[in-house]
Amino acid sequence: MDPRSNPYTPNAGAAPPALVGRNDQLESFGLLLARMQGGYTEQSLIITGLRGVGKTVLLNRFREQVEASDWSFVEIEASKHDDSALRRELALHFRRLLLEIAPRERWRDRMQRAANVLRSFTLGIDPGGTLTAGLNATPAQGLADSGQMDVDLTDLFLAVGEAAKDHETGVVLLIDEIQFLSRAQLEGLVKALHKTVQRSVPITMVGAGLPQIAELAGEAKSYAERLFKFPEIGALGEADATQALREPAETLGVQYDDDAVAAALEFTDGYPYFLQEVGYAVWSIASNNRVEADDIATARSVVEEKLDSSFFRVRLDRATQLEAAYLRAMAELGPEAQLASDVAPLLNRTSNQCGPTRSGLVEKGLLYTPMHGYAAFTVPQFDQFMLRVMPVLDPPPIRRRAKGTSIDGGSESE
């Protein structure tokens, strides 16, 4: 079939042609936005889930809802940067935001005050004022200038929220990959949002991240569970996965046989990104406007090769030799969450010795800890990839760093 009309979108964050199975999250955000526009408070959202389940797609839909409501938004993809980098990024976004809420000549007192607070927020990283150019701002002494992220973010959020309220609008922060924020940064955001709720100013934050974010937020501030809902999204059910696969094709007159759908769902386990990859690959394989089971079988090898060389590989390439071995040992035990004490013996190590390795994999976003003592892959089907790319589990030897201590950490006598 003509590749130019291929409707499937296997790209990071790209909206699928049929967004299905996510109505609950869309309705929850719609309720949040409507209540805040009415002057009420509402628990915000942090969407959690594995890679490839559509978290970023949902954030993009939330942004579209914000735009349709005439509110303003700030979009950030979090990364492991220091506080100065985060301040710089926030300052650039908030400068645009203030000018978007109202042109400079129509500003009222609270808008100018927000600009002054923003100027204070940037003093330590931008003494020349380039980040607030055009705002005619002077530092608001004693506000957002402490150098402490939680205090300064609170001052900034309140000032911007009050200015937005004065202009009968509001602000939504949309933060993707939120698990990459440092604990201090996450704590600062949660504390600032908590204060905006207490003051009933129209500014809120919605995030998306890997499954451990609910635990991280709770560790940052104990009241995070009352500020946020943490809806978890995952693989699509059979009916939704079938619709995601069939609907885009049917709009172009292409039909999937039942056996073809069953084969696609068996291969993808219903994960949205994998469904898009299969749909995209089979489009160039099938003929006569019909997709059959044999076409899916042919597409499967194409998709596996693509995933192995990109989606999976770029993540494994971030791992050290010992971390890769740890991932392979987990794959040996299966796709489920694995107990640390079950993985370590496969590497001829103790659980304590593997602790730093496991922590490093969590830090890199390759594993998460669903419960104490357990770790699980953040990427669906990563266990199958590890078995393909490392057919034999070959643990690296324990190398001594100092007497009685392995390079992995922990005592070798443990």
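None of these values were measured; they are calculated from a predicted model.
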Is the shortest heavy-atom distance from the side chain of [X] to the side chain of [Y] under 4.5 Å?
X	Y	value
Ile213	Tyr368	no
Arg358	Tyr326	yes
Lys55	Leu59	no
Asp24	Pro231	no
Arg22	Val53	yes
Phe62	Ile47	yes
Tyr8	Val282	no
Phe312	Gln381	yes

Any donor and acceptor pair, going by atom type alone, linking the side chain of [X] with main-chain N or O of [Y] inside 3.5 Å?
X	Y	answer
Thr122	Leu131	no
Ser120	Ala144	no
Arg35	Thr41	yes
Asp152	Gly147	yes
Thr350	Gln353	yes
Gln338	Glu336	yes
Asn11	Ala14	no
Ser284	Ala281	no

Within 45 degrees of the axis of the six-membered ring of [Y] and under 6.0 Å from its centre: does [X] put its NZ or CZ there?
X	Y	answer
Arg87	Phe121	yes
Lys306	Tyr280	yes
Arg315	Phe311	yes

Using a 6.0 Å cut-off, check whether atom [atom1] of [X] has over 12 heavy atoms from anything other than its own residue.
X	atom1	result
Gln198	CD	yes
Asn288	CG	no
Glu67	CD	yes
Glu305	CD	no

Between [X] and [Y], which heavy-atom pair has the shortest distance, and what is it?
X	Y	result
Trp71	Pro202	CH2-CB, 3.7 Å
Leu193	Ile203	CD1-O, 3.8 Å
Ala329	Val343	CB-CG1, 3.7 Å
Leu26	Arg61	CD2-CB, 3.8 Å
Leu322	Pro396	CD1-CG, 3.7 Å
Thr9	Gln276	N-OE1, 2.9 Å

Show, in sequence, the C-alpha distance, side-chain angles and deciding distance for Ile398 and Asn348, and conclude whether the side chain to side chain contact (heavy atoms under 4.5 Å, CB included) test is met. CA-CA 8 Å; Ile398 296 178; Asn348 300 320; 5.6 Å; no
Do the side chains of [X] and [Y] get close enough for a salt bridge, i.e. N-O under 4.0 angstrom?
X	Y	answer
Arg388	Asp308	yes
Asp257	Arg290	yes
Lys229	Glu42	yes
Arg300	Glu266	yes

Might you work through the side chain to side chain contact (heavy atoms under 4.5 Å, CB included) test for Val190 and Leu227, ending with a clear yes or no? CA-CA 8 Å; Val190 172; Leu227 280 178; 3.8 Å; yes
Among Leu99, Leu118, Val117, find the one that has a side-chain contact (heavy atoms from CB on, under 4.5 Å) with Phe94.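 The single option meeting the side-chain contact (heavy atoms from CB on, under 4.5 Å) with Phe94 is Leu118.
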When you compare the side chains of Glu323 and Thr357, does any donor N or O come within less than 3.5 Å of an acceptor on the partner?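 Side chains of Glu323 and Thr357: no pair found under 3.5 Å.
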Where does the angle between the aromatic ring planes of Phe274 and Tyr271 fall among parallel (under 30°), tilted (30 to 60°) and perpendicular (over 60°)?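 The arrangement is perpendicular - the two ring planes meet at more than 60°.
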Can you tell me how far [atom2] of [Y] sits from [atom1] of [X], rounded to the nearest 0.5 angstrom?
X	Y	atom1	atom2	value
Glu177	Lys80	CD	NZ	10.5 Å
Met1	Ser287	CE	OG	8.0 Å
Leu245	Thr268	CG	OG1	7.5 Å
Gln65	Leu32	CD	CG	9.5 Å
Arg226	Gln43	CZ	CD	10.0 Å
Leu361	Cys354	CG	SG	10.0 Å

Checking Glu187 against Lys191 for the salt bridge (charged side-chain N to carboxylate O under 4.0 Å, His left out) test, could you report, in this order, the C-alpha distance in whole Å, the side-chain angles of both residues, the deciding distance, and whether it holds? CA-CA 6 Å; Glu187 181 176 344; Lys191 182 177 178 180; over 6 Å; no
Between Phe382 and Phe377, does the ring centre distance come in under 6.0 Å?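 Judged by ring-centre distance (under 6.0 Å), Phe382 and Phe377 do meet the cut-off.
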Evaluate Gln185 against Asp83 for side-chain hydrogen bond (donor to acceptor under 3.5 Å, both in side chains), listing each step before the verdict. CA-CA 7 Å; Gln185 291 167 349; Asp83 288 356; 3.1 Å; yes
Walk me through whether Val254 and Trp283 qualify under side chain to side chain contact (heavy atoms under 4.5 Å, CB included). CA-CA 9 Å; Val254 176; Trp283 193 264; 3.6 Å; yes
Criterion side chain to side chain contact (heavy atoms under 4.5 Å, CB included) on Ile178 and Leu186, from CA distance to verdict: CA-CA 8 Å; Ile178 199 170; Leu186 182 58; 4.3 Å; yes
